[in-house]
> 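Take this structure first; my questions come after.
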Amino acid sequence: MKKYYVSTPIYYVNGSPHIGHVYTTVAADVLARFERRRGKEVFFSVGVDENSQKNVEAMAKAGDDNLQNYLDKMAQIWKTAWDDLGITYDRFIRTTEPCHHAAVERFWRAVLKSGDIYKGKYEGNYCTGCESFKTDSELADGRCPLHPKDELKAVSEENYFFKASNYRDELLALIDKHPEFVGPVARKNEIKNYIRDHFQDFSISRESKNMEAGIPVPDDPSQKIYVWFDALINYLTVVGYGTDESAFKQWWPADLHLVGKDIIKFHCALWPAMILSAAKNDPALRTEDGKAKLPKRIFAHGFFTIEGQKISKSIGNIIDPRDLVPTYGFDAIRYFLLREIPFGEDGDFSIDRLRERYVHDLSNTLGNLLNRAIAMSRKYFDEKIPAAISHSANYTFADEQGAKELAKNFDKNISGLSFDSALETIWNGIEGKYGLLQANKFIEDTQPFKLIKTDPDAVAVILYSLLEYCRIVAWLIEPIMPETAKKMITQLGQDFEIEQNRNREDLLSWGGCKPNTDLPQPEVLFPPL
RNA sequence: CGCGGGAUAGAGCAGUUGGCAGCUCGCCAGGCCCAUAACCUGGAGGUCGCCGGUUCGAGUCCGGCUCCCGCAACCA
């Protein structure tokens with residue numbers, strides 16, 4: 001069985017999850033559900049980054065003074081949020097877990113053995129905003145371009161450094177050879193420029209006396225490991241690095257790291273460089289022919305504004321998705337996030353747009369189609385799925401061929417992370433065919449509500465094809481709107497729990513609706529707001 | 001020359017490999033009655049930010065310019 005390992009970033013716990021975190025996590029959840037449905041064995045990891053000094057600051061702000069208590073409380077909040085929203089993660093990692101510390105230590109020693117860690121007295125400029133040192137070439141007018149208002153601190157500290165510069169050429173070659181390694185293309189170009197012009201040795205430790213959080217450097221407790229160096233290793237920890245050799249062998253490398261566009265440098269440059277280094281002295285990180293096992297793909301989504309303004313606590317437009325669930329349902333929010341904003345691009349989240357999508361796409365187009373198809377079947381065929389005797393093309397919507405084309409197109413788009421295109425195709429069809437809009441039009445064209453008086457056999461064909469089409473749509477959109485799919489299948493007179501055990505190819509084959517099955521009284525999928 | 005994104009119909013957006021400008025909403029006029037005041041048809045509405053170049057042909061490729069936005073306090 002093929003495996004699929006997808007990860008989200010681990011988030012800082014300096015607040016509760018908001019709609020931005022949900023965006024990344026939902027996208028990963030959709031992919032996990034999609035690949036499971038396709039028969040792959042899936043590992044989907046989420047988690048929290050607990051070794052950051054930012055958490056210490058957040059704790060102080062929250063009026064707490066015991067770091068462990070604070071971290072425990074926050075981890076619970078985050079885990080509960082994903083549980084409440086039905087995120088189907090397989091592992092929720094906290095980077096304070098002992099197994100992670102063990103993994104980080106093992107990794108550090110491998111990099112050390114490769115000769116890529118050296119201790120250097122750093123005398124230079126430290127930007128508190130960035131939490132990192134700045135080289136002269138990175139400065140603008142003697143200031144950090146990201147934090148021009150902050151005075152740079154002249155710091156003199158003994159730190160360990162990672163010889164990232166050793167891997168510059170290898171990384172550039174890797175990206176050229178595997179263009180899919182970084183996506184979307186705009187980000188790939190950005191990363192190439194970054195590696196070529198700015199990718200230098202990283203300071204990967206801080207003096208412990210200044211750090212409450214963090215993992216100590218092996219054999220040197222006076223230093224603590226830089227939070228990014230530790231955080232990235234979580235992707236290994238969750239699949240058993242250092243604790244479960246066979247699990248690790250099965251799952252690593254990751255098929256996809258999903259990240260926000262703000263952290264691509266760490267994921268697309270530092271992280272693979274770290275692995276290239278560690279792999280030299282850790283066989284678990286190599287293939288049999290000695291090549292480093294790097295993640296297969298890293299994809300950065302864009303950011304969205306809320307009502308045209310950036311997400312900001314001081315503006316007060318932070319949205320906890322759970323506040324929207326009672327009104328719209330989580331499926332509609334999932335649909336909206338993925339349909340509205342092309343994945344990888346920036347976008348805007350607005351309640352008006354959400355309502356518009358809810359009313360038009362979900363309620364009027366999808367919900368209404370299912371409802372009218374079922375209502376007519378019940379009315380004209382004794383509350384059952386009609387038996388289609390003939391198969392006149394004039395009276396058949398979609399059919400075997402259409403279902404196949406739709407599924408093929410959908411799968412291609414989801415695999416390519418083009419969620420918006422995948423959904424657009426379901427609604428608008430392929431070249432004006434097989435879409436939900438066309439299905440509603442098909443009813444107008446064939447007028448089953450009139451035809452029933454003269455040609456009931458034709459109406460049976462029409463309605464059967466519509467019900468069957470709805471069934472197939474339900475299984476296609478199921479990874480994105482699981483609750484809706486379940487309701488649709490149930491309304492079509494089938495037992496969702498039983499059906500979902502069938503393999504996807506069967507589910508998507510024409511003919512899954514059995515004639516003469518009782519159709520229950522339909523319930524409105526998306527009630528008026 | 002800090003990095004990156006964007007400018008396409010009234011609004012919000014799509015336009016992979018250059019080949020007659022698309023989608024949703026909104027608006028106007030009709031139709032229908034199976035359905036969630038839902039559905040369908042037709043219509044109005046764009047010199048694709050500006051200037052130049054390559055080409056038989058450019059929203060799309062190249063060069064330049066203008067304006068907007070994000071990263072610098074919280075913040076994916």
Side-chain angles (χ1 to χ4, degrees), chain A residues 8-9 11-12 14-15 17-25 27 54 57-58 61 127 129-130 134 137-141 143-150 185-187 189-190 193-194 197-198 258-265 300-306 308-318 339-342 345-348 350 352-353 355-357 359-380 416 418 420-421 424 427-428 437 439-445 447-452 459 462-463 466 522-528:
Chain A
T8 69
Y11 304 109
Y12 292 129
N14 51 3
H18 62 62
I19 193 78
H21 303 105
V22 168
Y23 184 49
T24 323
T25 308
K54 292 188 185 182
E57 289 161 22
K61 245 182 210 170
C127 172
C130 294
K134 296 282 154 179
S137 70
E138 288 176 305
L139 301 180
D141 294 333
R143 287 166 175 278
C144 168
L146 293 179
H147 304 80
K149 284 180 191 161
D150 289 359
V185 173
R187 297 274 102 82
N189 296 336
E190 185 183 344
N193 291 340
Y194 168 71
D197 302 333
H198 299 290
L258 219 50
V259 300
K261 66 173 184 177
D262 54 331
I263 51 177
I264 51 169
K265 287 172 187 172
H301 65 254
F303 279 4
F304 51 80
T305 48
I306 290 178
Q309 292 184 298
K310 61 179 172 174
I311 297 182
S312 150
K313 277 184 187 167
S314 54
I315 293 173
N317 62 353
I318 301 265
R339 173 68 187 89
E340 180 76 359
I341 304 161
E345 306 284 316
D346 289 345
D348 183 55
S350 107
D352 282 350
R353 287 293 292 162
R355 295 181 78 89
E356 214 171 288
R357 291 271 183 205
V359 172
H360 183 263
D361 296 4
L362 300 180
S363 192
N364 295 356
T365 302
L366 174 63
N368 189 41
L369 174 70
L370 179 74
N371 201 252
R372 61 201 302 215
I374 290 177
M376 280 190 278
S377 300
R378 283 170 51 88
K379 197 166 182 174
Y380 306 143
S418 300
D420 62 315
S421 300
E424 196 207 350
W427 263 257
N428 290 7
L437 294 174
N440 272 316
K441 176 173 157 51
F442 175 72
I443 296 179
E444 298 306 318
D445 291 346
Q447 309 232 315
F449 40 84
K450 277 190 180 163
L451 202 57
I452 189 63
V459 174
I462 292 167
L463 292 178
L466 285 169
E523 277 171 39
V524 168
L525 283 180
F526 298 96

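In what follows, chains are A, B, ... by sequence order, proteins preceding strands, each numbered from 1. Note that the coordinates shown come from a computational prediction; the quantities given were computed from them, not determined experimentally.
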> When the P atoms of B:C69 and B:U47 are considered, how many whole Å apart are they?
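B:C69 and B:U47 have their P atoms separated by 25 Å.
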
> Give A:Pro17 one of three labels, base, sugar-phosphate or nothing, depending on what nucleic acid heavy atoms sit under 4.0 Å from its own.
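No contact at all - A:Pro17 keeps every heavy atom at 4.0 Å or more from the nucleic acid.
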
> With nearest nucleotide decided by heavy atoms, which residue, A:Ala373 or A:Arg353, maps closer to the 5′ end of RNA chain B?
A:Arg353

> Can you list every pair that meets salt bridge (charged side-chain N to carboxylate O under 4.0 Å, His left out) and has a residue in residues 360-376 of chain A, with sequence neighbours left out?
A:Arg357-A:Asp361, A:Arg372-A:Glu444

> Return the polar atom pairs (N/O with N/O) between nucleotides 29-33 of chain B and the protein under 3.5 Å, or none.
residue, atom, partner, partner atom, Å
B:C33, OP1, A:Lys450, NZ, 3.3

> Starting the side chain at C-beta, find the nucleotide from B:U36, B:G12, B:C74 nearest to A:Glu340.
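Closest nucleotide among those given: B:G12.
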
> Can you check the distance between B:G6 and B:G49, where both ends of the measurement are the C1' atom (answer in whole Å)?
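The answer is 11 Å between these two C1' atoms.
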
> Give A:Asn14 one of three labels, base, sugar-phosphate or nothing, depending on what nucleic acid heavy atoms sit under 4.0 Å from its own.
sugar-phosphate

> Can you name the salt bridge (Lys or Arg N to Asp or Glu O under 4.0 Å) partners of A:Glu356, sequence neighbours left out?
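Testing A:Glu356 for salt bridge (Lys or Arg N to Asp or Glu O under 4.0 Å), a comparison that skips the adjacent residues, returns A:Arg353.
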
> With the side chain of A:Lys310 defined as its heavy atoms from C-beta on, choose the nearest nucleotide among B:A76, B:C71, B:U36.
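Of all the options, the side chain of A:Lys310 is nearest to B:C71.
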
> May I ask you to say whether A:Glu190 pairs ionically with A:Arg187, meaning some side-chain N is under 4.0 Å from a carboxylate O?
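Salt bridge between A:Glu190 and A:Arg187, a charged N being under 4.0 Å from a carboxylate O: yes.
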
> Does A:Glu523 have any side-chain hydrogen bond (donor to acceptor under 3.5 Å, both in side chains) partners at least two apart in sequence or in another chain, and if so, which?
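Testing A:Glu523 for side-chain hydrogen bond (donor to acceptor under 3.5 Å, both in side chains), a comparison that skips the adjacent residues, returns none.
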
> If I pick the P atom on B:G22 and the same atom on B:G45, what distance separates them, to the nearest angstrom?
15 Å

> Which nucleotide sits closest to the side chain of A:His301: B:C40, B:A76, B:A35?
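Of all the options, the side chain of A:His301 is nearest to B:A76.
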
> Looking at A:Asn371 and B:A35, is any side-chain donor or acceptor paired with a base atom of the opposite kind under 3.5 Å?
no

> Rounding to the closest angstrom, what is the interatomic distance between B:U60 and B:U54 at atom P?
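Result for the P pair: 15 Å, nearest Å.
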
> Kindly write out the residues that satisfy side-chain hydrogen bond (donor to acceptor under 3.5 Å, both in side chains) with A:Tyr380, not counting sequence neighbours, or none if the list is empty.
none

> Check whether the aromatic ring of A:Phe303 stacks on the base of B:A76, taking stacking as ring centres less than 5.5 Å apart and planes within 30° of each other.
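Yes, A:Phe303 stacks on the base of B:A76, since the ring centres sit under 5.5 Å apart and the planes are within 30°.
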
> With A:Asp262, which residues qualify under side-chain contact (heavy atoms from CB on, under 4.5 Å), at least two apart?
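If we apply the side-chain contact (heavy atoms from CB on, under 4.5 Å) test to A:Asp262, skipping adjacent residues, the hits are A:Phe303.
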
> Heavy atoms only: give me the nearest A:Lys261-A:Ala300 pair and the separation to one decimal.
CA-CB, 3.9 Å

> Any donor and acceptor pair, going by atom type alone, linking the side chain of A:Asn368 with main-chain N or O of A:Ser363 inside 3.5 Å?
no

> Taking any heavy-atom pair under 4.0 Å as a contact, classify A:Asn428: base, sugar-phosphate, or nothing.
sugar-phosphate

> Give a yes or no on whether the backbone of A:Gly308 and the side-chain of A:Asp348 come within a donor-acceptor separation of less than 3.5 Å.
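Side chain of A:Asp348 to backbone of A:Gly308, a donor-acceptor pair under 3.5 Å: yes, one is there.
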
> Using the C1' atom on both, measure B:C20 against B:G57 and round to a whole Å.
12 Å

> Just jot down the side-chain hydrogen bond (donor to acceptor under 3.5 Å, both in side chains) partners of A:Asp420, sequence neighbours excluded, or say none.
none

> Quick one: on RNA chain B, does A:Ser363 or A:Ile311 contact a more 5' nucleotide (nearest heavy atom)?
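This one resolves to A:Ser363.
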
> Holding to side-chain hydrogen bond (donor to acceptor under 3.5 Å, both in side chains), I want the full list of residues that pass it with A:Thr8, two or more places apart in sequence or in another chain.
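Expected list: none.
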
> Picking from B:U36, B:U24, B:C34, which would you name as closest to the side chain of A:Pro528?
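Of the candidates, B:U36 comes closest.
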
> OP1 or OP2 of B:U41 sitting under 4.0 Å from any side-chain N/O of A:Lys441?
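Indeed, a polar side-chain atom of A:Lys441 lies that close.
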
> Pairs counted as Watson-Crick or G-U wobble with both distances under 3.5 Å: what dot-bracket string results for RNA chain B, using | for bases tied to another strand?
.((((((..((((.....[..)))).(((((.......))))).....(((((..]....))))))))))).....

> So what does A:Leu437 hit on the nucleic acid, given a heavy-atom distance under 4.0 Å: a base, only sugar-phosphate, or nothing?
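Result for A:Leu437 = sugar-phosphate.
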
> Quick one: list whatever passes ring-ring contact (aromatic ring centres under 6.0 Å, His included) with A:Phe526, sequence neighbours left out.
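In terms of ring-ring contact (aromatic ring centres under 6.0 Å, His included), with neighbours along the sequence ignored, A:Phe526 is linked to A:Tyr358.
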
> Tell me what A:Leu525 touches on the nucleic acid: a base, only sugar-phosphate, or nothing, going by heavy atoms under 4.0 Å.
base

> When every nucleotide of nucleotides 4-9 of chain B is labelled 5' to 3' by its protein contacts under 4.0 Å (heavy atoms), B for base, S for sugar-phosphate only, - for none, what sequence of letters results?
SSS---

> For the side chain of A:Asn440, counting heavy atoms from C-beta on, which of B:U36, B:C23, B:C39 is nearest?
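Of all the options, the side chain of A:Asn440 is nearest to B:C39.
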
> Return the set of residues passing ring-ring contact (aromatic ring centres under 6.0 Å, His included) with A:His21 (not counting sequence neighbours), or none when no residue passes.
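Only A:Tyr11, A:His18, A:Trp78 meet the ring-ring contact (aromatic ring centres under 6.0 Å, His included) criterion with A:His21.
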
> With P as the reference atom in both, quote the distance from B:G46 to B:A11 in angstrom, rounded to an integer.
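Result for the P pair: 12 Å, nearest Å.
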
